[in-house]
Amino acid sequence: MAHWLFKSEPSVFSFEKLIRDGGTEWSCVRNHSAKLNMMAMKLGDRGFFYHSNEGKAAVGIVEVSALYRPDPSDATGKFGMVDIRAVEPLPRPVTLEAAKAEPRLAKMALVVNSRLSVQPVTDDEWEIVCVLGGLKAQRGAKRAKAPA
DNA sequence: GCCAACGTTGGC
DNA sequence: GCCAACGTTGGC
């Protein structure tokens with residue numbers, strides 16, 4: 001199962017609103033890298049929900065609930081969207097500052113290219129951020145090479 | 001097809 | 001509010 005990161009300004013669409021609404025169409029993405037990431041998503045893939053500008057932190061877990069399809073808001077027909085739904089909030093939001101301070105997240109898209117609105121997250125990064133966020137074992141997450 | 005100019009995003 | 005980084009557009 002692949003992992004992702006969805007970025008949103010909380011003043012425009014917050015994780016709290018996603019919880020209230022249950023889910024949403026992730027429309028209006030107009031970036032080809034983001035589009036390719038959405039095209040690669042499978043049902044049940046999970047991702048972080050990241051608040052940009054205000055908070056600057058991953059605040060929750062979301063799940064892909066509908067596959068990539070045309071975005072009605074795009075008249076050109078070039079871009080599409082997926083649906084996501086809220087899974088659970090992170091007990092402790094993981095700030096951009098914290099991600100930058102963690103050497104093993106140095107290559108994370110969020111750290112390297114903060115402007116990409118839909119980003120891939122590696123299994124290792126997923127596990128690290130989950131732990132930083134106060135979540136224990138994530139279902140489907142790769143087991144860390146444990147020193148017992 | 002290249003590259004300069006411009007607009008937008010998002011951290012600070 | 002400012003500015004750097006990035007993507008896109010358009011002239012050549």
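A, B, ... follow the sequence lines: proteins, then strands. Residue 1 opens every chain.
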>> Are A/Arg85 and A/Val62 packed together at the side-chain level, in the sense that at least one heavy-atom pair is separated by less than 4.5 angstrom?
In response: no
> Looking across every strand, which nucleic acid part, if any, lies under 4.0 Å from A/Leu96 by heavy atom: base, sugar-phosphate, or nothing?
Replying inline: sugar-phosphate
>> Please report the distance, rounded to the nearest Å, between CG in A/Asp74 and P in C/dT8.
In response: 13 Å
> How long is the gap from CZ on A/Arg46 to CD1 on A/Ile61, to the nearest 0.5 Å?
Replying inline: 7.5 Å
>> Please report the distance, rounded to the nearest Å, between CD in A/Glu97 and C1' in B/dG10.
In response: 16 Å
Table please: side-chain donor-acceptor pairs of residues 50-57 of chain A below 3.5 Å, with sequence neighbours left out.
from, atom 1, to, atom 2, distance (Å)
A/His51, NE2, A/Phe15, N, 2.9
A/Asn53, ND2, A/Glu9, OE1, 3.2
A/Asn53, ND2, A/Glu9, OE2, 3.1

Would you tabulate the nitrogen or oxygen pairs shorter than 3.5 Å linking the protein to nucleotides 4-6 of chain B?
none

> Which residues pass the salt bridge (Lys or Arg N to Asp or Glu O under 4.0 Å) test with A/Lys17, sequence neighbours left out?
Replying inline: A/Asp21
> Does the side chain of A/Leu116 reach to within under 4.5 Å of the side chain of A/Leu110, using non-hydrogen atoms?
Replying inline: no
Atom pairs and distances, side-chain donor-acceptor, residues 67-76 of chain A, under 3.5 Å, sequence neighbours left out:
from, atom 1, to, atom 2, distance (Å)
A/Tyr68, OH, A/Gly80, N, 2.9
A/Arg69, NH1, A/Leu67, O, 3.3
A/Arg69, NH1, A/Asp83, OD1, 3.4
A/Arg69, NH2, A/Glu25, OE2, 3.4
A/Arg69, NH2, A/Asp83, OD1, 2.7
A/Arg69, NH2, A/Asp83, OD2, 3.3
A/Asp71, OD1, A/Ser73, N, 2.8
A/Asp71, OD1, A/Ser73, OG, 2.7
A/Asp71, OD2, A/Cys28, N, 2.7
A/Asp71, OD2, A/Arg30, NH1, 3.2
A/Asp71, OD2, A/Ser73, OG, 3.0
A/Ser73, OG, A/Arg30, NH2, 3.0
A/Asp74, OD1, A/Thr76, N, 3.2
A/Asp74, OD1, A/Thr76, OG1, 2.8
A/Asp74, OD2, A/Thr76, OG1, 3.1
A/Asp74, OD2, A/Gly77, N, 3.4
A/Asp74, OD2, A/Lys78, N, 2.9
A/Asp74, OD2, A/Phe79, N, 2.7
A/Thr76, OG1, A/Lys78, N, 3.2

> Taking only residues at least two apart or on different chains, which pairs with a member in residues 106-122 of chain A satisfy side-chain hydrogen bond (donor to acceptor under 3.5 Å, both in side chains)?
Replying inline: A/Thr122-A/Glu125
> Going by heavy atoms in the side chains, are A/Leu135 and A/Glu88 under 4.5 Å from each other?
Replying inline: yes
> What is the distance from CD of A/Gln119 to P of B/dT9, rounded to the nearest Å?
Replying inline: 15 Å
> Once you round it to whole Å, what is the distance between P of B/dT9 and NE2 of A/His51?
Replying inline: 17 Å
>> Under the rule for ring pair (Phe, Tyr, Trp, His ring centres under 6.0 Å), what residues qualify as partners of A/Trp26, not counting sequence neighbours?
In response: A/Phe6, A/Phe49
> Could you state the CG-P distance from A/Asn53 to B/dT9, rounded to the nearest angstrom?
Replying inline: 10 Å
> If only side-chain N and O atoms of A/Lys56 are considered, is one of them under 4.0 Å from the OP1 or OP2 phosphate oxygen of B/dG10?
Replying inline: no
> What's the CG-P distance between A/Leu116 and B/dT9, to the nearest Å?
Replying inline: 13 Å
>> Within residues 106-115 of chain A, which residues have any heavy atom lying less than 4.0 Å from an atom of DNA chain C?
In response: A/Asn113, A/Arg115
> With respect to the phosphate group of B/dC12, does any side-chain polar atom (N or O) of A/Lys100 fall under 4.0 Å of OP1 or OP2?
Replying inline: yes
>> Expressed as a whole number of angstroms, how long is the span from A/Leu5:CG to B/dG10:C1'?
In response: 14 Å
>> Taking transitive links into account, so neighbours of neighbours count too, which hydrophobic residues share a cluster with A/Val112 at under 4.5 Å side-chain distance?
In response: none
>> Just to verify, what does A/Ala101 make a side chain to side chain contact (heavy atoms under 4.5 Å, CB included) with, not counting sequence neighbours?
In response: none
> Taking five pairs at each end of the helix from B/dG1-C/dC12 to B/dC12-C/dG1, what angle separates the two helix axes (nearest 10°)?
Replying inline: 10°
>> For B/dG11 and A/Tyr50 - does any side-chain N or O of the residue sit under 4.0 Å from the phosphate oxygens OP1/OP2?
In response: yes
> Could you state the CD-P distance from A/Glu54 to B/dT9, rounded to the nearest angstrom?
Replying inline: 15 Å
> Considering only side-chain heavy atoms of A/Asn31, which listed nucleotide, B/dG10, C/dG7, B/dG11, is closest?
Replying inline: C/dG7
> Does A/Asp45 reach the main-chain N or O of A/His3 with its side chain, forming a donor-acceptor pair under 3.5 Å?
Replying inline: no
